[in-house]
2 protein chains.
Amino acid sequence: MSRWIAERGLKATRQRDLIVDTFFSASGHLSVDELLAKVQSRDENIGAATVYRTMKILSDAGLASARHFDDGQTRYEAAIGRHHHDHLICTSCHQIIEFENERIEELQDMVARHHGFQVTRHKLELYGLCKDCQGR
Amino acid sequence: MSRWIAERGLKATRQRDLIVDTFFSASGHLSVDELLAKVQSRDENIGAATVYRTMKILSDAGLASARHFDDGQTRYEAAIGRHHHDHLICTSCHQIIEFENERIEELQDMVARHHGFQVTRHKLELYGLCKDCQGR
DNA sequence: ATACCTGCAAATGTTTTGCAATGAT
DNA sequence: ATCATTGCAAAACATTTGCAGGTAT
């Protein structure tokens with residue numbers, strides 16, 4: 001993100017580097033809390049506000065995307081060179097599975113066109129029980 | 001909702017009746033704030049907590065459904081005898097259009113089956129500009 | 001009479017913001 | 001030297017909860 005940072009007069013700091021590095025080293029859909037914990041295990045003096053601020057920058061830069069699942073917390077996932085995709089979310093073990101489906105996207109475009117809508121982003125989430133959680 | 005209320009020892013009160021009546025008389029996807037305002041224009045002494053509590057009851061009774069769009073507020077819509085449907089949301093004028101698409105639902109089921117997932121509910125939201133807001 | 005309900009205010013949980021001190025260029 | 005950034009604490013939100021008093025059955 002250094003180019004993006006330089007272009008708008010932002011500064012590279014130890015904290016930002018650490019947060020960004022931690023974020024991209026981790027996998028999955030991290031809540032700010034989870035990320036903060038990982039970050040603080042490397043430098044306990046980093047504050048939550050800095051993590052919030054840094055993730056907002058990453059998100060504005062298009063390098064991370066914010067997701068709002070139904071648990072009331074914002075989660076971020078890496079967005080570098082990734083296709084758009086949607087999510088299956090297990091309501092029992094909270095596992096998140098990603099999927100892509102070209103046909104669904106096409107049908108969404110069709111629906112939007114039909115309503116004269118210009119879609120900029122969409123969200124498709126399927127909530128339920130994953131294979132492992134169905135037997136209890 | 002009188003039957004549902006009686007069945008579980010809940011009580012019919014003036015406030016609940018007023019909130020429920022206001023909710024079903026209004027249309028669209030009301031936030032608690034919006035509903036509270038309408039309710040208070042009929043009885044200014046009704047508190048926000050009562051609206052929250054009542055909408056939770058309606059929701060548990062299956063008469064209203066809670067929606068969480070990306071604006072950080074819970075919105076409720078009437079759910080009596082309605083099909084499942086999804087939403088187109090204008091990010092400029094905040095208009096919300098509903099749609100149903102059988103093919104998309106089928107494809108979702110296929111995706112879920114493919115992952116061994118048992119889906120209980122899903123959410124499909126298309127964000128963008130509605131016809132009116134595209135010209136600015 | 002006995003629960004249940006209400007309104008208020010206080011508590012909660014998540015995210016944002018003001019500010020003085022610190023740090024990058 | 002400038003101006004962005006940090007950490008902290010306080011503020012801002014949306015929502016929930018405790019409680020004393022009020023109300024439906």
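Chain letters run A, B, ... following the sequence lines, proteins first and then strands; every chain starts at 1. Heavy-atom basis, side chains included; hydrogens, waters and symmetry copies ignored. All of these numbers come straight from a predicted model, not from anything done at the bench.
Residue Lys11(A) contributes atom NZ, which lies 15 Å from atom P of dA1(D) at whole-angstrom precision. Nucleotide dT15(C) holds its P atom 13 Å from the CG atom of Asp70(B), rounded to whole Å. Look at CZ on Arg67(B): it is 16 Å from P on dT15(D), rounded to the nearest Å. The distance from atom CG of Leu10(A) to atom C1' of dT6(D) is 14 Å, rounded to the nearest whole Å. Spacing between atom CG of Leu35(B) and atom P of dT15(D) amounts to 12 Å, rounded to whole angstrom units. Across the protein-nucleic acid pair, Ile46(B) atom CD1 and dT23(D) atom C1' stand 14 Å apart, rounded to whole Å. Rounded to whole Å, the distance from CD on Gln40(A) to C1' on dG7(D) is 11 Å. As rounded to whole Å, 19 Å separates atom P of dT14(C) from atom CG of Asp71(B).
Between Gln15(A) and dG7(D), a side-chain N or O to OP1/OP2 separation shorter than 4.0 Å is present. Between Tyr52(B) and dT16(D) there is no side-chain N or O to OP1 or OP2 distance below 4.0 Å. For the pair Thr74(A) and dT15(C), the criterion of a side-chain N or O lying under 4.0 Å from OP1 or OP2 is met. Taking 4.0 angstrom as the limit, Lys56(A) places none of its side-chain polar atoms (N or O) nearer than this to OP1 or OP2 of dT15(C). Neither OP1 nor OP2 of dT5(D) sits under 4.0 Å from any side-chain N or O of Thr50(A). Using a 4.0 Å cut-off, some side-chain N or O of Arg16(A) falls inside it from OP1 or OP2 of dT5(D).
The hydrophobic cluster containing Ile96(A) does not contain Leu124(A), counting ILVMFWY residues as joined when their side-chain heavy atoms lie under 4.5 angstrom apart, directly or transitively.
Aromatic rings of Phe99(B) and His114(A) (six-membered ring for Trp) have centroids beyond the 6.0 Å cut-off, not under it.
The side-chain heavy atoms of Thr74(B) and Met55(B), taken from C-beta on, include no pair separated by under 4.5 Å.
A donor-acceptor contact shorter than 3.5 Å is absent between the side chain of Arg67(B) and the backbone of His29(B).
For the pair Thr13(B) and Thr13(A), nearest-nucleotide mapping onto DNA chain C gives the more 5' position to Thr13(B).
No hydrogens or angles considered: nothing links the side chains of His68(B) and Asp70(B) as a donor-acceptor pair under 3.5 Å.
In this structure, Ala48(B) reaches neither bases nor backbone, as no heavy-atom distance under 4.0 Å exists between it and the strands shown. Among the heavy atoms of the strands lying under 4.0 Å from Asn45(B) are primed sugar atoms or P, OP1, OP2 only; no base atom is included. Base contact: Arg53(A) has a heavy atom under 4.0 Å from a base atom.
Out of dC5(C), dG7(D), dT17(D), the shortest distance to the side chain of Ala49(B) is found at dT17(D).
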